[in-house]
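As the structure lists them, so they are numbered: ligands from 1, and atoms in each ligand from 1. Heavy atoms only: backbone and side chains are in, while hydrogens, waters and symmetry mates are out.
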Amino acid sequence: MSGVSTAMLVAAATVQHGYGRVELAQQAQLARACLERCGAGGRGLLRLVDHVLGRAGLSVLEALALPGLRGHYAWRKRRIAHWADRACANGAAQAVLIGTGYDGLGWSLAQRHPALRVFELDRADTVAIKREALRQLRADTSRLRLLEADLERDDALSALVADPGFDSGLPTVCVAEGVLMYLPSARAQQLLRAMAQCLTHPTLIATAMDLWHGRPRFRRERPWVRGWLQRRGEPFRWGCEREAIGAWLAVCGWSLRALAEPGDPDDPDPSPGEWLFLAECAAASPPR
Ligand SMILES: C[S@@+](CC[C@H](N)C(=O)[O-])C[C@H]1O[C@@H](n2cnc3c(N)ncnc32)[C@H](O)[C@@H]1O
């Protein structure tokens, strides 16, 4: 597990979840092409996912680490795709996806919305792998820009604004899936504040960890997982109770509009502990 990052785990889950599902085939292809470029850890994950015994082993590992995690990823991705499509149908002409890892949302949004410009931001090594994977798949990337930025150290908004294809005057949907928890809370707020100030009629779709017994974590997370995340250099840095999400967002200029209900009777979150929400720029929102 030492050569395995959380982005690789999500990608492996995407490959597995995509088996036999035509609508997810492209996402799975991209995740696979990325994992093939992620060294021994990525290739090892693919060997497990591709073999019946390997998949059984992964299920055991998941039960020992965080039961329901792969189902949780699928749950949040379904909702994010739905909200992002709706934002595009409502006029968003740009999508800014931060910490996208090996996820195919940006690529598929660009295909589903023929005028949409998509910008993804992640660390340089992750971006390099994804660029290569997209090239191998002969993906049309004419409206998909992959930008390198360390969200903790760099001025990510400057990198975005400097891109010749970016237009801060266009209505924009921003997605921060599974990433804000890895930044210090104040840094995440600084980033979201900059987005609220720089973008026109922005919509935000994002996730944040819940607090459970005072710690940012999934409810069913086993104790050893925290140490593994620390050693990986990907500890959850902060969390937020449900009642506090609105106030946390308000500090950086966003208004909470919707929260995905983990206990949805028709489609519950298989592993609760990460909030998924939709927000609008407070300045652009009608008075409550
Ligand atoms: C758990 S993965 C989630 C990937 C993707 N959003 C998804 O849900 O499928 C976390 C992602 O955040 C990115 N990330 C974490 N900290 C970052 C930082 N300081 N700067 C840029 N990207 C970062 C990682 O590189 C990784 O791609």
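- Less than 4.0 angstrom separates some heavy atom of Ala149 from each of these atoms of ligand 1: 20 (N), 21 (C).
- For atom 20 (N) of ligand 1, the closest non-hydrogen atom of the protein is Leu151 N, 2.8 Å.
- Residue contact annotation: Leu9 has no non-hydrogen atom under 4.0 Å from ligand 1.
- Between the side chains of Glu234 and Ser5, not a single donor N or O lies within less than 3.5 Å of an accepting N or O.
- By the 30° and 60° cut-offs, the orientation of the rings of Trp248 relative to Trp238 is parallel.
- Shown in contact with Leu183 at under 4.0 Å from a heavy atom are these atoms of ligand 1, numbered in order with element: 19 (N).
- Note on Leu97: it clusters hydrophobically with Leu116, by side-chain heavy-atom contacts below 4.5 Å among ILVMFWY residues.
- Near Lys77, meaning under 4.0 Å from one of its heavy atoms, ligand 1 places the atoms 7 (C), 8 (O), 9 (O).
- Atoms of ligand 1 found under 4.0 Å from any heavy atom of Val179 (numbered from 1 in listed order, with element): 12 (O), 14 (N).
- Those atoms of ligand 1 that come under 4.0 Å of a heavy atom in Glu152, given as number and element, are 19 (N).
- Within the listing of ligand 1, atoms 4 (C), 5 (C), 6 (N) sit less than 4.0 angstrom from a heavy atom of Thr100.
- With hydrophobic clusters built from ILVMFWY side chains whose heavy atoms lie under 4.5 angstrom apart, Trp83 does not share a cluster with Leu199.
- A continuous path of Ile, Leu, Val, Met, Phe, Trp and Tyr side chains, each step under 4.5 Å between heavy atoms, connects Leu192 with Leu259, placing both in one hydrophobic cluster.
- Looking only at heavy atoms of the protein, atom 27 (O) of ligand 1 is closest to Asp122 OD2, 2.7 Å.
- A distance of 13.0 Å separates CZ in Arg219 from CD in Glu274, rounded to the nearest 0.5 Å.
- The nearest heavy-atom contact from the protein to atom 15 (C) of ligand 1 is Arg123 NH1, 3.7 Å.
- Heavy-atom proximity to Tyr182, at under 4.0 Å, picks out these atoms of ligand 1: 1 (C), 10 (C).
- Among all non-hydrogen protein atoms, the one lying nearest atom 10 (C) of ligand 1 is Gly178 O, 3.4 Å.
- In this model, a donor atom of one side chain and an acceptor atom of the other lie less than 3.5 Å apart for Gln190 and Arg187.
- Remark: ligand 1 atoms within the under-4.0 Å shell around heavy atoms of Thr126 are 25 (O).
- A heavy-atom distance below 4.5 Å is not found between the side chains of Thr172 and Thr200.
- Among protein heavy atoms, atom 19 (N) of ligand 1 sits closest to Asp150 OD1, 3.1 Å.
- Linking Ile, Leu, Val, Met, Phe, Trp and Tyr residues whenever their side-chain heavy atoms come within less than 4.5 Å places Leu45 and Val10 in a single cluster.
- Crowding of Arg226 atom CZ: a count of heavy atoms from other residues, nucleotides or ligands under 6.0 Å not exceeding 12.
- At under 3.5 Å, a nitrogen or oxygen of Gly99, whether backbone or side chain, sits near a nitrogen or oxygen of ligand 1.
- The protein non-hydrogen atom at the shortest distance from atom 1 (C) of ligand 1 is Thr6 OG1, 3.1 Å.
- Contact between Arg76 and ligand 1 is present, with at least one heavy atom of the residue lying under 4.0 Å from the ligand.
- Ring centroid separation for the pair His17 and Tyr73 does not come in under the 6.0 Å cut-off.
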